[in-house]
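Here is the structure we will look at.
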Amino acid sequence: MDQTILIDENGKRTDGRSIDDLRDVKITIGVLKNADGSASIEFGKNKIMVAVYGPREVHPKHMALPDRCVLRCRYHMSPFSTDTRKNPAPSRREVEISKVMREALEPAIMLEDYPRAAIDVFVEVLQADGGSRCAGIAAASVALADAGVNMKDLVAACAAGKVNDKIVLDINDIEDKEGSADMPVAYLPNLEQITLLQLDGILNESQFNECLEKAIHGCKMVYEIQRKALIEKYFGNDLPEGEEKELEENKEN
Amino acid sequence: MDQTILIDENGKRTDGRSIDDLRDVKITIGVLKNADGSASIEFGKNKIMVAVYGPREVHPKHMALPDRCVLRCRYHMSPFSTDTRKNPAPSRREVEISKVMREALEPAIMLEDYPRAAIDVFVEVLQADGGSRCAGIAAASVALADAGVNMKDLVAACAAGKVNDKIVLDINDIEDKEGSADMPVAYLPNLEQITLLQLDGILNESQFNECLEKAIHGCKMVYEIQRKALIEKYFGNDLPEGEEKELEENKEN
Amino acid sequence: MDQTILIDENGKRTDGRSIDDLRDVKITIGVLKNADGSASIEFGKNKIMVAVYGPREVHPKHMALPDRCVLRCRYHMSPFSTDTRKNPAPSRREVEISKVMREALEPAIMLEDYPRAAIDVFVEVLQADGGSRCAGIAAASVALADAGVNMKDLVAACAAGKVNDKIVLDINDIEDKEGSADMPVAYLPNLEQITLLQLDGILNESQFNECLEKAIHGCKMVYEIQRKALIEKYFGNDLPEGEEKELEENKEN
Amino acid sequence: MSLSKKSPIVIEQLRKRQMFDLITNGKRLDGRNLEDIRDLEIEIDIIKKADGSAKVRLGNSEVIAGVKVETGAPFEGLENKGALIVTAEVLPIASPYIEPGPPDEETIELARVVDRGIRESQMIDLDKLVLIPGKTVYVIFVDCSIINADGNLFDATSYAVVAALLSSKLPIFEIRDEKVVDTGKKQEPPITTIPVSITSIRIGNNIIVDPTVEEEACMESRITITTNSNNEYTAIQKGSTGYFTLEQIKFAAQTARVKAETLRTKLKELIK
Amino acid sequence: MSLSKKSPIVIEQLRKRQMFDLITNGKRLDGRNLEDIRDLEIEIDIIKKADGSAKVRLGNSEVIAGVKVETGAPFEGLENKGALIVTAEVLPIASPYIEPGPPDEETIELARVVDRGIRESQMIDLDKLVLIPGKTVYVIFVDCSIINADGNLFDATSYAVVAALLSSKLPIFEIRDEKVVDTGKKQEPPITTIPVSITSIRIGNNIIVDPTVEEEACMESRITITTNSNNEYTAIQKGSTGYFTLEQIKFAAQTARVKAETLRTKLKELIK
Amino acid sequence: MSLSKKSPIVIEQLRKRQMFDLITNGKRLDGRNLEDIRDLEIEIDIIKKADGSAKVRLGNSEVIAGVKVETGAPFEGLENKGALIVTAEVLPIASPYIEPGPPDEETIELARVVDRGIRESQMIDLDKLVLIPGKTVYVIFVDCSIINADGNLFDATSYAVVAALLSSKLPIFEIRDEKVVDTGKKQEPPITTIPVSITSIRIGNNIIVDPTVEEEACMESRITITTNSNNEYTAIQKGSTGYFTLEQIKFAAQTARVKAETLRTKLKELIK
């Protein structure tokens with residue numbers, strides 16, 4: 001692994017980014033008519049749609065929890081989303097990602113506000129690039145806000161990794177395959193809580209620390225994009241900087 | 001397709017029929033001891049058995065409907081019924097045919113007479129020739145009558161199609177595979193209602209009309225065979241023509 | 001079949017046994033911390049663990065029986081237990097053996113003592129040799145006793161078979177594959193009841209009788225090993241012969 | 001996981017009593033003696049699309065078996081033998097108690113016991129059904145559709161399989177240029193023996209042969225015993241949640257040998 | 001097993017009455033005339049990883065179709081033709097009434113009807129997609145993800161499939177040393193005709209075209225009719241638990257031919 | 001679909017309080033300090049039919065791993081590497097809370113995390129396990145049967161897999177006449193490093209290592225960290241529905257490196 005040249009002599013990566021650049025991220029809110037909340041995200045070449053349904057009744061009823069809301073989460077890839085066609089049946093990978101994604105979102109949601117109810121988060125990957133779970137979490141968090149679900153914080157997410165022995169932000173598809181480490185992270189920026197952390201690949205101690213901190217930095221960049229998308233949607237895009245902040249703060253309380 | 005000669009210079013088809021001939025059809029009623037109603041049909045080389053169970057309790061109970069009967073229908077092929085052995089697990093084709101068959105039968109049954117109950121129609125294809133869904137519907141309709149289920153009309157069924165550019169009645173297996181259009185139809189002869197209609201293959205406007213009308217004509221021929229089978233079973237086969245008619249009419253009211 | 005020499009000129013079998021010898025059998029009780037009762041058995045090269053859970057509540061509740069306990073039984077092979085890796089999904093063979101194993105155990109359990117409850121018997125084959133179903137039944141019976149379940153008798157189990165035209169006790173793996181008959185039997189030694197009997201292979205009438213009686217004789221040998229294991233576990237291994245007997249008898253009443 | 005279940009078939013107390021009283025006197029509800037087998041009707045060649053087929057009626061139990069021959073890889077460990085696969089489905093048309101769906105443990109046991117009855121008797125000489133040793137062999141499917149269930153499906157299904165195989169004509173395949181070719185010709189199946197399955201049940205201390213569904217609902221234990229043309233035992237399966245004594249088993253085994261003879265004669269007639 | 005179910009979508013009595021009154025007067029809740037089709041928007045090439053893709057919006061029903069081309073064995077009985085496989089999944093994001101899971105009978109019918117609409121019209125000349133006759137052919141998957149469901153998924157999905165195929169570029173595979181090689185080059189798909197599906201439903205005695213989900217909740221029967229570029233009928237599927245009269249079918253068939261023309265023109269523009 | 005569930009294991013309020021009080025004082029219910037790992041016992045070669053096997057007991061959690069080597073096609077995208085497949089089943093004998101059935105999301109996560117811990121550390125040099133590049137490679141299955149569950153199955157299973165692999169002897173396959181032949185000879189597996197997994201959980205603000213099932217029932221979040229023989233991090237998985245702070249993660253990561261050393265020494269002894 002990692003013998004391919006993924007960073008050139010000018011420090012540019014295969015897609016022209018420097019090691020600290022995020023790919024282009026575009027979040028659009030309210031893209032699905034039927035959903036209670038929805039968002040689409042383009043994160044590099046990832047194209048993901050998220051719908052939130054609920055809070056609503058739980059079926060079957062015995063799955064309901066007396067003191068809190070059941071969060072249900074499905075991460076799913078359309079068959080045409082990958083280089084080689086993906087079989088439509090859910091893979092073990094999708095089962096695992098659905099689980100870590102749910103666990104990344106739960107700490108941010110005020111689940112105790114909706115006892116005996118369920119909130120469903122459906123994440124559909126229409127085109128997959130590296131980092132689809134992070135992109136999916138970021139979009140899901142915005143879709144939850146769009147659905148009016150009470151939240152303690154947004155969940156931002158971003159990966160960092162190691163490529164040609166350098167720690168770089170936001171691993172893309174080639175870097176994921178040819179690089180030597182990938183570390184996706186989900187982070188609540190205001191509460192400073194890490195709610196998803198995985199690592200595939202080899203990092204020594206200092207690389208580990210650098211990678212983790214870089215991923216958190218990336219999460220904060222993603223968070224700004226999430227915020228802007230929400231503000232644009234709900235307050236238009238011409239609010240003065242101060243009010244914007246204030247509104248956000250009220251929202252968080 | 002359709003380059004094979006399926007109609008010879010004398011207008012005879014591969015099985016010796018002319019274009020307006022039905023294959024031999026034989027319906028036997030009450031062939032299954034355990035069923036509430038049953039019928040077997042031989043329709044060309046099709047050999048099909050149908051059992052009706054019900055009206056009876058619905059399991060699980062939450063599937064019951066408060067104001068009408070649930071009709072359940074399964075179309076299934078025995079593994080030995082086809083040229084190449086059929087895998088015993090239900091195919092997508094069988095799922096679809098079960099559905100259109102149920103929808104073809106529902107309009108004829110007085111489902112509102114049996115609220116909260118279920119009627120099960122199980123159609124087993126023991127040997128398949130072209131037109132097994134039509135043959136199955138015809139037999140199912142007779143088995144429902146045999147079970148004493150209240151009906152508005154019998155459901156007759158027959159296909160027509162296009163072979164060597166001619167519209168012909170009652171497509172057989174070779175004509176289905178080598179011919180250029182197949183149109184199965186189910187029809188309530190007394191109510192003049194079409195309850196199943198499918199088309200695979202290419203028909204221009206006039207061919208379409210001719211084909212549809214020919215299929216309905218075939219349904220009426222099948223209806224006569226269904227009626228005769230029921231009369232023979234329930235009144236013996238020596239009733240004078242007049243009484244036969246009258247009894248049938250009473251039955252229909 | 002059966003052309004391989006499986007019994008040499010001295011009457012010794014491939015593993016050195018004579019035709020009436022049992023393989024080494026070792027039963028250990030209480031090997032699983034979480035189970036209500038458990039036993040492991042080494043029976044030749046078979047290595048099997050059995051856990052008993054219950055009597056406990058039945059889920060889902062509608063599976064409960066008003067007048068007796070539901071016995072549930074699973075026979076399962078770990079993927080590494082066989083020469084060629086076994087697919088982890090349950091095979092048809094495992095389904096059948098789970099059933100005959102349950103039916104072999106039921107007559108020995110006082111199921112009517114635990115109405116509306118369930119007892120679960122899980123048999124895990126870690127290494128399979130010939131005769132794993134018999135070994136599993138023997139261990140299950142001991143595990144049930146270890147769980148304190150009321151029983152009418154222990155269930156002993158052993159196979160006999162035909163190898164090179166001789167009736168031999170306790171068929172091993174090679175004899176099962178290369179021999180010409182295998183007859184597993186389960187037996188309640190005190191009640192003299194046969195609760196499992198299968199035969200694969202060809203036996204004439206006198207061979208059949210000899211084989212059946214030999215298998216029952218083997219069951220009695222296995223029973224002694226089961227008893228000893230229970231006594232060792234519950235009364236230590238230094239009880240005088242007389243008391244041992246007596247204690248056992250009290251237990252049986 | 002196998003679990004004890006209530007029988008869906010409920011026999012009224014009065015009728016049960018009547019059945020028991022009769023049995024004590026050596027008689028049964030349908031007038032048979034304890035060791036009597038119901039009428040057996042066999043029709044063959046009823047499915048023209050199959051390579052062999054039979055419809056069997058044992059009392060009111062009815063089974064259709066169809067033989068289909070393909071080629072494929074041999075079973076592991078049996079590289080130089082043709083493959084024989086018996087399947088069974090108790091169709092939902094067969095009884096009010098059958099739900100459509102994948103086979104349950106009863107049906108899996110049924111198919112496996114019938115399969116072993118055929119296989120262990122070596123009815124078909126599978127050594128003769130190899131095309132390329134270790135690689136390509138004849139694969140014979142015998143699929144059984146149970147269309148009416150009135151007890152003793154083990155025997156009814158077994159007779160249907162045996163009749164379908166006896167009356168079958170196998171396609172002759174050949175290997176040409178490393179490919180399997182159907183020559184269009186047919187061959188007799190290599191039959192070596194005729195296995196006959198006889199099932200008995202225990203009610204109280206009585207062993208009765210060929211039970212109806214009503215009798216099965218009252219049984220304590222069941223035993224299916226297959227013998228071959230040499231009157232040897234080739235397969236046995238004890239079933240249900242009760243026991244047998246040694247004497248009862250020997251009695252059932254003896255009965256199975258005796259009763260098989262008439263049926264074997266009947267099946268043998270199919271070959272001519 | 002197929003069974004009658006209550007629609008999960010409940011329309012209030014008052015709104016139903018309003019819908020019926022309007023329809024009697026030739027109008028619909030959303031202002032359309034009975035035979036009007038909702039706005040159709042088509043975007044192509046939205047999935048760069050696919051060999052062809054389209055997003056279709058028919059009113060508020062939205063479908064994405066993606067084409068993926070592989071090689072594989074031909075279908076049985078169609079040994080000398082490329083394989084075309086259409087699948088559909090109504091994603092749980094599409095509606096509050098969809099549970100994730102394997103496709104139910106509605107979705108299986110949807111995929112099969114759309115598939116037949118394409119296949120029976122012979123839209124793609126599959127004879128041109130063979131690499132080794134009888135052994136290796138092009139396999140074209142068209143997978144459809146329904147992302148918002150507001151009625152008439154049959155037509156919306158069909159348009160998405162047609163648009164994705166029309167705008168697709170197929171990889172060119174070659175056989176070298178008995179192995180399939182992707183040359184890296186691309187080819188136009190061998191298009192022969194443009195099938196257009198038009199779905200109508202019956203409410204009372206009225207036939208209305210391109211129903212919304214609300215209208216479908218009140219329908220008695222449904223009919224989907226596909227025509228090709230020659231204005232011939234190529235596929236039909238009647239659905240739902242009501243009937244049609246002969247006249248209603250002829251009317252729906254006539255409407256399907258007329259209505260298809262505008263849509264076909266729109267789809268044809270995608271090729272240039 | 002993943003959904004939040006109530007833990008089936010209910011810890012009494014009083015015991016929970018006691019656990020929390022102890023933890024605040026740096027102690028645990030079983031007397032351990034927060035960073036103490038339970039006794040680890042390893043037995044190897046317990047399954048003679050496997051190519052390698054180990055039984056691991058970590059406190060009361062017990063796991064058996066068996067290695068089976070076959071040949072087959074390589075994974076897509078990894079054409080020139082042998083294949084390594086780790087599976088796990090939490091057997092119903094392991095705990096009163098396990099129902100038999102296909103693996104649930106917890107078990108799928110368990111197997112995948114253990115698999116990644118082995119795979120990402122490159123413990124086995126898969127480049128050395130290729131027979132025909134791109135076509136036929138060694139396929140190494142490591143199947144894990146969890147036989148008693150008392151917490152931290154991630155580490156117990158990982159140790160069992162590592163021990164089974166370290167002590168395994170792989171069959172030597174060769175290609176003769178385009179066929180795979182088992183030579184009957186054995187080889188040492190190509191080991192490059194020894195990965196050690198260390199799992200910690202957070203209860204309140206405390207990080208505790210190697211949790212019991214009782215402690216897991218009270219945890220807010222879990223983290224499994226694997227390091228290799230060079231003391232580098234090779235795999236991490238955060239789990240459960242709570243969070244970690246950056247400092248907590250760094251602390252757990254540091255602990256994982258330190259704690260792994262003793263265990264690695266113990267595992268290394270298996271090779272000699």
Side-chain angles (χ1 to χ4, degrees), chain C residues 1 58 63 65-76 83-84 90 92-93 95-108 111 118-122 177 181-183 185-188 191-205 207-209 211-213 216, chain D residues 1-7 76-78 81 87 102-113 115-117 119-122 127 193 195 202 220-228 230-250 252-254 256-257:
Chain C
M1 282 202 211
V58 181
M63 304 302 283
L65 299 176
D67 54 347
R68 48 164 292 195
C69 186
V70 168
L71 183 65
R72 302 194 293 189
C73 184
R74 177 176 115 135
Y75 167 94
H76 184 257
D83 286 327
T84 308
R92 287 163 57 95
R93 180 180 167 274
V95 171
E96 186 200 336
I97 295 185
S98 296
K99 180 174 187 289
V100 295
M101 199 172 256
R102 171 174 65 77
E103 293 173 340
L105 293 169
E106 284 208 26
L111 292 166
I119 296 172
D120 290 342
V121 178
F122 300 121
K177 283 186 189 109
D182 180 27
M183 182 195 274
V185 170
Y187 188 67
L188 312 196
L191 298 175
E192 299 184 358
Q193 295 173 349
I194 296 165
T195 64
L196 174 127
L197 173 61
Q198 297 180 300
L199 168 67
D200 286 351
I202 299 175
L203 296 177
N204 65 29
E205 192 172 12
Q207 288 168 340
F208 169 78
N209 288 326
C211 196
L212 181 53
E213 279 154 21
I216 289 174
Chain D
M1 193 156 64
S2 175
L3 75 165
S4 11
K5 283 180 283 289
K6 216 178 347 199
S7 163
E76 209 185 285
L78 297 168
K81 287 180 185 295
T87 76
D104 59 10
E105 63 173 30
E106 272 83 20
T107 310
I108 287 173
E109 187 190 20
L110 170 62
R112 284 177 60 84
V113 168
D115 183 289
R116 284 203 297 268
R119 180 187 307 281
E120 295 296 335
S121 72
Q122 301 164 30
D127 294 338
T193 196
R202 179 170 69 81
E220 297 177 66
S221 42
R222 192 197 70 233
I223 189 160
T224 299
I225 300 175
T226 307
T227 54
N228 64 14
N230 295 336
N231 244 330
E232 296 164 320
Y233 298 104
T234 64
I236 298 182
Q237 179 91 342
K238 180 258 166 187
S240 197
T241 59
Y243 64 87
F244 285 104
T245 64
L246 180 56
E247 290 63 42
Q248 287 163 347
I249 298 236
K250 287 185 173 175
Q254 197 49 42
R257 293 177 78 210

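First the proteins, then the strands, lettered A, B, ... as listed; each starts at 1.
- Inspection of the D:Glu105 and C:Ser98 side chains reveals no N or O donor paired with an N or O acceptor under 3.5 Å.
- For a residue to count as touching a neighbouring chain, one of its non-hydrogen atoms must lie under 4.5 Å from one of that chain's; by this rule D:Glu220 does not touch chain C.
- Put simply, OG1 on D:Thr241 and CG on C:Leu71 are 10.0 Å apart, with the number rounded to the nearest 0.5 Å.
- Considering only heavy-atom pairs separated by less than 4.5 Å from chain D, the leading option among C:Asn204, C:Ile216, C:Leu191 is C:Asn204.
- Ranked by heavy-atom pairs under 4.5 Å with chain D, the list C:Leu196, C:Leu105, C:Thr84 is led by C:Thr84.
- C:Phe122 touches chain D through its side chain: at least one heavy atom from C-beta onward sits under 4.5 Å away, while N, CA, C and O do not.
- There is no contact between D:Asp104 and chain C, counting heavy-atom distances below 4.5 Å.
- Taken from CZ in D:Arg112 to CZ in C:Arg92, the straight-line distance is 7.0 Å, to the nearest 0.5 Å.
- Taking NZ of C:Lys177 as the reference point, atom CG of D:Leu78 lies at 10.5 Å (rounded to 0.5 Å).
- Looking at D:Gln248, there are no atoms closer than 4.5 Å to chain C (heavy atoms on both sides), in backbone or side chain.
- Salt bridge annotation for C:Glu103-D:Arg222: absent, with no cationic side-chain nitrogen under 4.0 angstrom from a carboxylate oxygen.
- Options D:Ile223, D:Ile249, D:Thr245 differ in how many heavy-atom pairs under 4.5 Å they form with chain C, and the most are formed by D:Ile249.
- For D:Lys6, the NZ atom sits in a loose shell: 12 or fewer heavy atoms of surrounding residues, nucleotides or ligands are nearer than 6.0 Å.
- Evaluated for a side chain to side chain donor-acceptor pair (under 3.5 Å) with D:Ser2, the options C:Arg72, C:Glu96, C:Lys99, C:Arg102 yield exactly one hit, C:Arg102.
- In this structure, chain C has no heavy atom under 4.5 Å from any part of D:Arg119.
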